[in-house]
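Worksheet for the structure shown next.
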There are 2 protein chains.
Amino acid sequence: MTAPQSSALVPQTVTEVLERLDAGADILPKRLKQCALFTRRHLHLIPVSTVSEMARASGVAPSAYMRFCQALGFSGYSEMQGLFKAQVTDFRPDYQDRLGNLRFQADVGTGQLLAEFAEAGHKSLLSLANSVTNEGLDRIARGMAQARVIHLIGLRRAYAVVSSMAYLLDKLEVPSSLHYASGMLNASGTIFEGDVVFAVSFAPFSPETIRLARESADRGIKVYGLTDSDNCPLNEFATEMLIAREDEVAGFRSLTASITLTTTLAVAIKAMQSSVD
Amino acid sequence: MTAPQSSALVPQTVTEVLERLDAGADILPKRLKQCALFTRRHLHLIPVSTVSEMARASGVAPSAYMRFCQALGFSGYSEMQGLFKAQVTDFRPDYQDRLGNLRFQADVGTGQLLAEFAEAGHKSLLSLANSVTNEGLDRIARGMAQARVIHLIGLRRAYAVVSSMAYLLDKLEVPSSLHYASGMLNASGTIFEGDVVFAVSFAPFSPETIRLARESADRGIKVYGLTDSDNCPLNEFATEMLIAREDEVAGFRSLTASITLTTTLAVAIKAMQSSVD
DNA sequence: TACGAAATGGAATATTTATTCTATTAATCC
DNA sequence: GGATTAATAGAATAAATATTCCATTTCGTA
């Protein structure tokens with residue numbers, strides 16, 4: 001008689017699943033370890049796959065994957081999948097509730113807050129893998145790799161994203177130029193044919209960023225964009241767009257998914273340039 | 001009799017679906033228009049939802065949502081869902097073959113690279129939760145909350161971290177000052193008693209950052225630090241230190257843990273100030 | 001190498017979910 | 001305003017999927 005009665009043992013968060021996955025990596029029997037290994041690397045497939053698919057992908061029988069789920073503390077695959085589906089499904093509180101939520105958070109511990117942001121980070125990374133396709137990212141990396149100079153544009157929350165990218169591209173010796181905030185954004189005179197623009201803009205979108213990107217696009221410069229929302233104005237004229245949604249805590253978002261994506265992009269660009277040589 | 005026979009009419013890409021969605025918005029009957037409206041805004045729910053769920057969310061009967069899918073050119077919901085699931089599944093390499101040597105692949109695709117960085121992000125977040133204690137973070141947040149002005153210092157890779165923090169603190173109306181790169185770092189004349197310095201420095205440590213932080217500490221200013229290594233020079237004089245280790249991919253690190261931590265810190269600082277009021 | 005315990009894979013069953021059918025209601029046209 | 005057609009919602013059916021069971025194999029130990 002299998003006993004999935006005590007719901008206290010059922011993992012409630014992605015973080016908990018990851019911990020058990022890592023803990024079990026050593027002690028699990030062969031087939032179940034295969035499951036753990038594959039699942040660890042492909043968490044994002046769980047919400048959209050059936051047991052049979054996950055099992056086949058892990059190289060085990062469906063029943064084995066079933067036992068794997070139970071070893072993790074779930075009653076079965078459905079329960080585990082439910083946890084991951086919730087990531088996508090979960091409703092996000094609205095912008096204006098921020099202040100109220102913040103007060104509410106005041107009396108919970110700082111550590112609890114960190115745990116929530118970490119959890120949000122896990123979720124964001126999962127959804128990142130969901131929304132970015134190999135082909136799309138590949139095309140963008142290829143397009144940017146051919147640029148004479150990559151112009152990086154991003155203000156406010158997006159500024160940290162482009163500045164980290166600028167640092168990394170510089171280290172990789174990929175020619176790039178970071179357009180600094182306020183005033184400097186008039187500098188479309190420094191963008192020439194053969195260059196590309198990489199613009200990052202999150203809702204609500206900075207008119208400055210959009211304007212410079214649009215001006216460039218109008219002049220025939222290829223514009224690639226990164227945003228967090230479907231209705232980003234960059235959509236209208238960008239050659240290609242990336243989307244990185246960030247899970248939020250009490251109305252605040254980290255930059256986990258965005259920076260993970262731009263880091264990947266930078267490395268991919270360099271890799272493409274190298275392989276052409 | 002609806003006739004879904006000709007597969008030429010079946011949308012093959014998300015773009016095509018969006019086009020039909022927009023085209024049909026006018027001509028579709030009431031209930032089906034409801035479906036179109038909701039679906040247009042919640043495309044990401046399709047891969048993880050059942051027909052009933054999508055129907056209920058759209059405010060229609062399951063059978064109505066069914067007809068909606070067929071109006072779009074699909075044979076049914078499953079076929080439509082398949083298209084969206086494929087987005088996620090897309091860069092799934094043929095599993096069984098590559099099982100053993102996942103991490104030793106020679107030809108690493110862009111999607112695989114993203115998966116690796118995401119994986120590194122997960123690990124970084126896990127280790128963050130392990131290395132940062134509730135009490136330590138609490139003390140630091142409390143200490144920084146009492147500052148007249150928070151001075152943010154960070155160069156190179158750390159610059160993105162402090163600049164994102166500066167943005168967030170600004171939005172939270174916590175007085176802070178971001179010390180910009182090169183030249184500006186002499187500005188220890190602008191740091192006064194009652195202020196606090198938050199310095200971020202990753203190995204190899206920028207002498208500039210260390211120097212300014214040390215000068216401040218020597219003058220009795222409280223210095224808090226964030227680093228990725230035990231032997232950070234800030235250790236010698238900082239009031240308190242935070243450590244965020246980043247997992248690396250092929251020698252490259254993202255900033256997942258660091259920015260998650262500083263985001264948490266910023267929000268915690270604001271929360272403390274609010275609860276004192 | 002032989003024994004017991006644990007693990008495994010395939011087949012049987014239960015459950016969920018998609019899809020179709022039909023009576024009823026609403027809209028359109030003459 | 002009545003006749004005709006389209007649209008709708010709920011129930012019935014079909015298909016897919018999760019889950020359990022059990023005979024067989026593998027593993028660890030003496």
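A, B, ... follow the sequence lines: proteins, then strands. Residue 1 opens every chain. Just so we're clear, the structure is a prediction, and the values are computed from it rather than from any experiment.
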_Pair B:Lys33 + B:Asp26, salt bridge at N-O below 4.0 Å_ = no
*Answer yes or no: does a side-chain N or O of A:Gln70 lie under 4.0 Å from OP1 or OP2 of D:dT19?*
no
*On DNA chain C, nearest-nucleotide positions of A:Ser63 versus B:Ser52: which is more 5'?*
A:Ser63
*Spacing between B:Gln81 atom CD and C:dT17 atom P, to the nearest angstrom*: 11 Å
*Would you call A:His122 and A:Leu18 a side-chain contact if the rule is heavy atoms closer than 4.5 Å?*
yes
_N or O in side chain of B:Ser78 less than 4.0 angstrom from C:dT19 OP1/OP2_ = yes
*Rounding to a whole Å, what distance do you find between A:Phe68:CZ and C:dA6:P?*
21 Å
*To the nearest angstrom, how far is A:Tyr77 atom OH from C:dT16 atom P?*
17 Å
*Which whole-number value in Å describes the distance from A:Arg31 CZ to C:dG10 P?*
10 Å
*Measure from the side-chain heavy atoms of B:Met66 and tell me the nearest of D:dT8, C:dA18, D:dA18.*
C:dA18
*Provide, to the nearest angstrom, the distance between the CG atom belonging to A:Leu28 and the C1' atom belonging to C:dT8.*
14 Å
*Rounded to the nearest Å, what distance is computed from the NZ atom of residue A:Lys85 to the P atom of nucleotide C:dT16?*
13 Å
_A:Lys33 NZ to D:dC27 C1', straight-line distance once rounded to whole Å_ = 13 Å
*Taking only the side-chain heavy atoms of A:Ala61 (C-beta and beyond), determine which of C:dT20, C:dA18, C:dG9 contains the nearest atom.*
C:dG9
*A:Lys30 has an atom NZ; how far is it from atom P of C:dA5, in whole Å?*
23 Å
*Please state whether the phosphate of C:dA7, meaning OP1 or OP2, lies under 4.0 angstrom from any side-chain nitrogen or oxygen of A:Arg67.*
no
_Cationic N near anionic O, under 4.0 Å, A:Glu236 to A:Arg214_ = yes
*If you look at every heavy atom in B:Val10 and B:Glu79, which pair is closest and at what distance?*
CG1-OE1, 3.6 Å
_Strictly distance-based, threshold 3.5 Å: is any side-chain N or O of A:Gln81 a donor or acceptor partner for the main-chain N or O of A:Tyr77?_
no
*Counting only side-chain N and O atoms of A:Thr50, is one of them less than 4.0 Å from OP1 or OP2 of D:dA16?*
no
